[in-house]
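Before any comments, here is the structure.
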Amino acid sequence: MEGGHIMTGLFLRQFAVMLLVLLTVACSGDPESNPAGGPTGTGVGSDPQIANNTDDFQWQLSGANNFSTGGGYSWRNTGTAARVNISNSISSGSGTVLVLDATGRTVWSGSLTNNGTFTSQSGPTGDWRVEVLPSGVSGSMNIRVQKD
């Protein structure tokens, strides 16, 4: 009878370990991604609002404090160029916005501190990439990329 208790205890411990492993895998997720298909960041305001539609991509973050992130977003452009609008109010930090065409070639890059509307170089239609790369930024950011 004592052997049965040892087997039951061993089984319960193995079951508990397996359950812990399964729960860890199920709950782990990728902490650097969000539903819009790109990374979240660090610092205050680490959840940007993103609208990623064909021919119209928008990335906004208000009330950021020492915000940094890396990476980017796949964006469908049915045109051969993009219009980039940057309207930021940054009190500290720096960063870059990159737009890459469907071949991966950088067709536009600019500083997050340069507000205005800019036009990219030409590239083939398809899945382009928008990379928003703030580093230690405090303030508000609004970046929009549209088919030109």
Side-chain angles (χ1 to χ4, degrees), residues 9-148:
L10 180 61
F11 175 77
L12 287 175
R13 279 191 292 263
Q14 288 175 338
F15 179 77
V17 168
M18 186 59 110
L19 184 60
L20 180 63
V21 168
L22 289 173
L23 286 173
T24 301
V25 170
C27 296
S28 65
D30 180 0
E32 290 297 315
S33 66
N34 64 32
T40 57
T42 61
V44 174
S46 60
D47 190 16
Q49 300 298 308
I50 300 159
N52 191 349
N53 300 302
T54 298
D55 297 331
D56 189 8
F57 174 88
Q58 190 164 3
W59 191 99
Q60 295 179 325
L61 183 63
S62 298
N65 185 7
N66 197 31
F67 179 80
S68 298
T69 191
Y73 310 84
S74 179
W75 169 65
R76 168 122 348 234
N77 184 1
T78 63
T80 58
R83 186 174 55 253
V84 180
N85 180 272
I86 298 176
S87 179
N88 296 335
S89 177
I90 296 174
S91 59
S92 64
S94 62
T96 306
V97 176
L98 300 171
V99 178
L100 293 83
D101 70 14
T103 67
R105 180 177 65 96
T106 300
V107 292
W108 189 86
S109 72
S111 171
L112 285 173
T113 58
N114 290 337
N115 290 322
T117 301
F118 312 92
T119 302
S120 76
Q121 297 173 5
S122 294
T125 62
D127 290 332
W128 287 36
R129 186 163 179 83
V130 178
E131 297 192 4
V132 180
L133 307 167
S135 178
V137 169
S138 294
S140 298
M141 294 174 276
N142 185 351
I143 294 99
R144 190 166 196 173
V145 182
Q146 296 176 296
K147 170 181 136 178
D148 189 44

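What you see below is based on every heavy atom in this structure, not just the backbone, and it leaves out hydrogens, waters and symmetry mates.
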Review point. Quick one: are F67 and L61 in side-chain contact, heavy atoms under 4.5 Å?
Key: yes
Practice item. Could you list all the salt bridge (charged side-chain N to carboxylate O under 4.0 Å, His left out) pairs where at least one residue sits in residues 128-143, not counting sequence neighbours? Key: R129-E131
Practice item. Taking the side chain as every heavy atom from C-beta outward, state whether D56 and R144 have any atom pair closer than 4.5 Å. Key: yes
Exercise for review: Measure the shortest side-chain to side-chain distance between P134 and T69 over non-hydrogen atoms and say whether it is less than 4.5 angstrom.
Suggested key: yes
Check your understanding: To the nearest 0.5 Å, how far apart are CD in Q121 and OG1 in T119?
Key -> 11.0 Å
Check your understanding: Taking the inter-plane angle between the rings of F57 and Y73 on a 0 to 90° scale, is it parallel (under 30°), tilted (30 to 60°) or perpendicular (over 60°)?
Key -> tilted
**Study point:** Any side-chain heavy-atom pair of L98 and V130 under 4.5 Å
**Key:** no
Exercise for review: Taking atom types as modelled, find out whether S87 and N115 have a side-chain donor-acceptor pair closer than 3.5 angstrom.
Suggested key: no
Check your understanding: With no hydrogens and no angle check, is any side-chain donor or acceptor of T117 less than 3.5 Å from a backbone partner on N85?
Key -> no
**Study point:** Least distance between heavy atoms, S140 atom then I90 atom
**Key:** O-CG1, 4.2 Å
Revision key, fill the gap. Sorted by chain and number, sequence neighbours left out, side chain to side chain contact (heavy atoms under 4.5 Å, CB included) with S122 holds for none
Point to revise | Nearest heavy atoms of P124 and A102, plus distance in Å | key: O-CB, 3.8 Å
Practice item. Determine whether D55 and N77 make a side-chain contact, defined as any pair of heavy atoms from C-beta on separated by less than 4.5 Å. Key: yes
**Study point:** Nearest non-hydrogen partners of R105 and G123, listed with the distance
**Key:** NH2-CA, 4.2 Å
Exercise for review: Going by the side-chain contact (heavy atoms from CB on, under 4.5 Å) test, name the single residue among N88, N114, I143 that passes it with V97.
Suggested key: I143
Practice item. Go through the steps to decide whether N142 and I86 satisfy the test side-chain contact (heavy atoms from CB on, under 4.5 Å), and finish with yes or no. Key: CA-CA 6 Å; N142 185 351; I86 298 176; over 6 Å; no
Check your understanding: Only one of V107, V145, L100 forms a side-chain contact (heavy atoms from CB on, under 4.5 Å) with W128, so which one is it?
Key -> V107
Practice item. Please report the closest heavy-atom contact between G79 and K147, naming both atoms and the distance. Key: N-CD, 3.7 Å
Review point. How would you list all residue pairs meeting salt bridge (charged side-chain N to carboxylate O under 4.0 Å, His left out) that involve residues 72-85, not counting sequence neighbours?
Key: R76-D127, R83-D148
Check your understanding: With no hydrogens and no angle check, is any side-chain donor or acceptor of W75 less than 3.5 Å from a backbone partner on N53?
Key -> yes
Review point. When you measure from the side chain of S138 to the backbone N and O of N66, does any donor-acceptor pair fall under 3.5 Å?
Key: yes
